[in-house]
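Here's the structure we're looking at; comments come further down.
For ligands, and for the atoms within them, numbers begin at 1 and follow the listed sequence. Throughout, numbering of the chain's residues begins at 1 and tracks the sequence.
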Amino acid sequence: MGELSELFAPNRIAVVGATEREGAIGRAIMDNLIDEFDGEVVPVNPKYDELFGLQCYGDVGETDADLAVIVVPPKVVLPAMKSAGEAGIQNVVVITAGFGETGSEGAAREQELRDIAEEYDLNVVGPNSLGIMNTDVGMNATFGPDMALDGNMSFMSQSGAFITAVIDWANDEDIGFKDIVSLGNKAVLDEADFIETWNDDPDTEVIIGYLEGISAGREFIDSARDVTKDTPIVLVKSGKTDAGAQAASSHTGTIAGSDAAYEAGLEQAGVIRADSVQHLFDTARVLGDQPLPENKDVAVITNAGGPGVMTTDAIGESELQMADFTDETLEAFSESLPAEGNIYNPVDIVGDADNARFKEALDVALADDNVGMALVLTCPTAVLDYNQLAADTVELQEEYDKPIAACFMGGERVDAASDVMKDAGIPNYFDPSRAVDGLEALSKYADIRQREYDAPTEFDVDRERAREILETVKDRDETRLGVEAMELLDAYGIETPAGDIVDDPADALEVAEDIDGNVVMKIVSPDILHKSDIGGVKVGVENEDVYDAYEDLITRAKNYQPDANILGVQVQEMVNLDDGVETIVGMNRDPQFGPLMMFGLGGIFVEILEDTTFRVAPVSETEAEDMTKEIDAAPMLRGARGNDPVDIGGITETIQRLSQLVTDFPAILELDINPLVALPDGVKAVDVRLTVDPDEL
Ligand code: ADP
Ligand code: MG
């Protein structure tokens, strides 16, 4: 494929399907291009010799263009692409719809399109795309109504309609773009291609996007990681409720929907996820315009007590914190501020503050090394000139090069001041929490730039043994495995309690006698997913009760499901739950991201608690460690209420070993270890359940 940057900066654009007919898409694109494009526009339509006063060509192959925009009916798209390919036109935007989005005939056509792209090495946007824009060369190769303003963000969207709405709004808000691409069906070029191109583009400071899905999740993570070290990426994704739609057959499945995968994948890629359109643009603008903070400490300078409290709350709820001033700063404040003010953060310079007092306070705060960023918060008063304050804020930002967010509260009174700050890249919001969100995004991105991505650890494991165990599904004509597959965990070095599976009571007693203390006995049957629900788990069985317990477990299983395939009874060493925490480590395969690891609080109430966190496998040590810190119950692991802390390193290692297992065997569709009991001196996987696709083995 040729350089994608050329796609956005062509010299000569052929519009295949150009027409003067009002209302036609071929007309709209011609109008848009003729309006502003710096280069040449060439209409292609065999029916005409001339269109818009320009020479019209019968075939794209004759045009000598370097970009072809195709708007002809679906059936003639492919011949046009071939013709472009033969003529060495490497960049093609297919506007035409009626491909993969329309059923099997369309899907077949889309496959052909892909084949042609490959044969001629074409960069293809679409099909089913609104088109592309580049404000730098005035190229509006879309059929949308408006051209975007120029700016430093590049924008990709899976919805063309959303692009037109955004441009209309952004023009009104004075927000500009460098490149815009409507991804369409992403038959050839997808989000990963564009982020890489824009990372190399000196005019793109921020990459933003609206996506409905990611084409190749793991590859996206790996390439986005490199990009986000230099260029921030902010994405919104729709379809949050996909989670519910994902069919699930085990605990892990029900909890890990594809939105969890997306969330995890973006986090791992260093992409900032926006939860609304407003949030997307707020975030993108601060990232494009503001410097990055050196720390997470915010100074709030205000003439208004109440809003100061609101802001303090918003900071408390964010990843940021209120800065602690140095003694010099405090001294300077006590000298310059009236006695009824507050020299501590939030600095209250009092309602009668004039511009001089405001400027000095901001100056003192920004000079403090403990202050990473500042929030200028103000309500209108008779002695304060907003325009002057705006100018002072801009001046001090330039002097100190620290991020500043403004919260000049008010309506019309604020407009002029707001414009002054906007020109200098300082965002102004009415709502303090939006100002805090902006600063938080900067801090998040500063962290992302600092990240080191460690490669996943390769543990020494017994892969052959694992394969043998997985292959038992083939003999049994069964896709599920339960505790009978415990050895699979042993093969990958995951600690399990002593024990065995037996099929008569005498053997059960023998195993129990070999184990110190009382034992746990469980029914073993691939047909019984939740053993304790049917009384299929007996904890604390003494040796003299082993016979009875054995018979009872079998009877219960038969009562529950007379034709259940009962493999026997597991006799297992008992772990001391009083000292431990029941956790869950699991995996579910996501259609876009592949194996998705889950960690959370475990036990039989896992679905109710839903205290879980996710990462796309293979996970590194740092990622596994982060998972153990992210759940709400993390303090329990560190030792709550006088309990000893559990072996968090053991959990981290188990997550990584399991990640290696599911990466090695794509045949494992889902798996969960529930519980993985975390004890002060180690971890024990006491239960396992998995689903295997025998055809993948
Ligand atoms: P299931 O999830 O099918 O009901 P488990 O094997 O997970 O079956 O057992 C259910 C619960 O019984 C566990 O969550 C745990 O509280 C307890 N339990 C199971 N095995 C042991 C064990 N070896 N030691 C202590 N408690 C256990
Ligand atoms: Mg269980």
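For a distance bound of 2.8 Å, the N, O or S atoms of Ser532 include none lying that close to the Mg ion (ligand 2). Among the atoms of Asp687, an N, O or S atom falls under 2.8 Å of the Mg ion (ligand 2).
At a cut-off of 3.5 Å, with distance as the only test, a side-chain donor of Thr457 or Gln656 sits close to an acceptor on the other residue. Gln111 and Arg114 form a side-chain donor-acceptor contact under 3.5 Å, judged by distance and modelled atom types alone. Side-chain contact check for Ser223 and Glu196: at least one donor-acceptor pair (N or O, by modelled atom type) lies under 3.5 Å. Counting only N and O atoms by type, the side chains of Glu110 and Asn185 include a donor and acceptor under 3.5 Å apart.
Ligand 1 has an N or O atom lying under 3.5 Å from an N or O atom of Asn674, backbone or side chain. Every N/O-N/O distance between Arg689 and ligand 1 stays at or above 3.5 Å.
Among Lys522, Lys538, Met521, Lys531, the residue whose heavy atom lies nearest to atom 20 (N) of ligand 1 is Lys522. Evaluated by nearest non-hydrogen atom to atom 5 (P) of ligand 1, the leading choice among Leu577, Asp533, Asn518, Asp687 is Asp687. Comparing Val537, Ile534, Asp672, Asp578 against atom 9 (O) of ligand 1, the shortest heavy-atom distance belongs to Val537.
In this structure, the side chains of Gln570 and Met486 come closer than 4.5 Å at one or more pairs of heavy atoms. By the 4.5 Å heavy-atom criterion applied to side chains, Asp297 and Leu320 are not counted as neighbours.
Ion pairing of Asp447 with Lys296 is present here, as a side-chain N (NZ or NE/NH1/NH2) and a carboxylate O approach within less than 4.0 Å. Taking a cutoff of 4.0 Å between a charged side-chain nitrogen and a carboxylate oxygen, Lys558 and Asp563 do not qualify as a salt bridge.
When non-hydrogen atoms are compared, ligand 1 lies under 4.0 Å from the backbone of Val575 as well as from its side chain.
Every atom of ligand 1 is numbered from 1 in the order shown, and the set under 4.0 Å from a heavy atom of Leu529 is 3 (O). Per-residue contacts place Pro675 under 4.0 angstrom from the following atoms of ligand 1 (heavy atoms of the residue considered): 7 (O), 13 (C), 14 (O). Set against the non-hydrogen atoms of His530, the atoms of ligand 1 under 4.0 Å away are 3 (O). The ligand atoms of ligand 1 that sit less than 4.0 angstrom from a heavy atom of Glu582 are 13 (C), 14 (O), 15 (C), 16 (O).
Not a single heavy atom of Val519 sits closer than 4.0 Å to an atom of ligand 1. Ligand 1 is never approached by Lys684 to a heavy-atom distance shorter than 4.0 Å.
The distance from atom CD1 of Ile631 to atom CD of Glu610, rounded to the nearest 0.5 Å, is 13.5 Å.
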